[in-house]
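A short worksheet on the structure shown next.
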Amino acid sequence: MMYSVLIMVVAIVVVVFILLASIVKAYKKVPPNEAMIVFGLGGKRVVQGGGTFVIPGFQSYKTISMMLTSFDVKPDQPMFSLQGIRLKIEAVAQIKIQSDPIAIATASEQFLDHTMAEREAMILHSVEGHLRGLVGQLTVESILKNPDELNSKMRETCSEDLDKMG
């Protein structure tokens, strides 16, 4: 009798331990510089700088970096000013996924399965195209005398495309 009670207590302790270990393992944390996209049972949700339960077998998750990234914009194709003068312009672009859940969800749709180099290449093509288009609308003198005008026009024209990417 005593032996069966001991076996029962040990079995209950083992079951409780397994349940606690499963709960601890199901809790996933994400640092403030990343966002976690949980998908599967219950749809898709975004967790940023915190933690949530991910039900094994029913849900999965992936993370995406929220850090500011800088990269060089050095177009291979020639650019021409309004006067038809060939120019070589190099720039630096800085990008970051916006912190609101809608932008994170949008960025996850565009970039989640891509490496950082692939993300940069996709964004770089968009930025280079806008730069080429703006340079073609300006004279060499306006580019040299007022580079801030080119910068602000770049922000305006690129922001709509980049917002669509998150």
Side-chain angles (χ1 to χ4, degrees), residues 3-77 79 89-135 150-166:
Y3 184 69
S4 63
V5 171
L6 182 62
I7 290 175
M8 188 69 106
V9 169
V10 169
I12 291 171
V13 168
V14 168
V15 168
V16 168
F17 180 75
I18 290 172
L19 285 173
L20 286 174
S22 296
I23 290 171
V24 169
K25 189 175 179 180
Y27 190 76
K28 304 297 180 192
K29 296 180 279 185
V30 62
N33 64 338
E34 291 182 355
M36 178 174 24
I37 294 79
V38 180
F39 51 94
L41 183 69
K44 175 175 67 173
R45 69 181 189 276
V46 174
V47 179
Q48 184 182 5
T52 191
F53 286 99
V54 178
I55 305 167
F58 295 100
Q59 295 177 324
S60 294
Y61 72 96
K62 290 191 177 188
T63 59
I64 191 165
S65 175
M66 300 291 294
M67 293 179 59
L68 179 70
T69 305
S70 296
F71 56 93
D72 294 328
V73 180
K74 298 178 181 179
D76 293 332
Q77 297 177 357
M79 290 182 275
I89 297 178
E90 296 179 2
V92 175
Q94 293 184 320
I95 57 164
K96 181 187 178 311
I97 296 173
Q98 297 173 20
S99 295
D100 66 277
I102 294 170
I104 295 169
T106 302
S108 72
E109 291 171 7
Q110 302 291 323
F111 302 120
L112 197 58
D113 288 330
H114 295 283
T115 65
M116 185 57 82
E118 291 171 332
R119 291 181 210 172
E120 286 180 13
M122 292 166 68
I123 293 166
L124 187 62
H125 289 300
S126 175
V127 171
E128 284 179 357
H130 286 295
L131 180 61
R132 191 172 294 105
L134 285 174
V135 167
L150 181 59
N151 287 339
S152 65
K153 285 184 178 183
M154 275 297 291
R155 270 191 224 99
E156 288 174 24
T157 58
C158 288
S159 65
E160 186 176 325
D161 281 350
L162 295 177
D163 283 345
K164 290 177 186 174
M165 295 180 191

With sequence neighbours left out, what residues match [X] under side chain to side chain donor-acceptor pair (under 3.5 Å)?
| X | answer |
| --- | --- |
| Arg132 | none |
| Thr63 | none |
| Asp76 | none |

Among all residues two or more places apart in sequence or in another chain, which pass the side-chain contact (heavy atoms from CB on, under 4.5 Å) test with [X]?
| X | result |
| --- | --- |
| Ser126 | His130, Asp161, Met165 |
| Ile23 | Phe53 |
| Glu90 | Lys74, Lys88 |
| Val14 | Val10, Ile18 |

Listed pairs under 3.5 Å, donor-acceptor, residues 24-43 side chains, sequence neighbours left out:
unit_1, atom_1, unit_2, atom_2, d
Lys28, NZ, Lys25, O, 3.0

Are the side chains of [X] and [Y] in touch, meaning some heavy atoms are under 4.5 Å apart?
| X | Y | answer |
| --- | --- | --- |
| Val92 | Phe71 | no |
| Glu128 | Met79 | no |
| Val54 | Ser60 | no |

> Can you list every pair that meets ring-ring contact (aromatic ring centres under 6.0 Å, His included) and has a residue in residues 105-127, with sequence neighbours left out?
Replying inline: none
> Among Val135, Leu134, Val73, which residue meets the side chain to side chain contact (heavy atoms under 4.5 Å, CB included) test with Ile89?
Replying inline: Val135
Side chains of residues 93-107: which donor-acceptor partners sit under 3.5 Å, not counting sequence neighbours?
unit_1, atom_1, unit_2, atom_2, d
Gln94, NE2, Ser70, OG, 3.1
Lys96, NZ, Met66, O, 3.3
Gln98, NE2, Asp163, OD1, 2.9
Asp100, OD2, Ile102, N, 3.3
Asp100, OD2, Ala103, N, 3.0
Thr106, OG1, Ile102, O, 2.9

>> How close do Met116 and Thr69 get, counting heavy atoms only, and between which atoms?
In response: CE-OG1, 3.9 Å
> Could you give all pairs that pass the salt bridge (Lys or Arg N to Asp or Glu O under 4.0 Å) test and reach residues 105-120, with sequence neighbours left out?
Replying inline: Lys44-Glu109, Lys62-Asp113
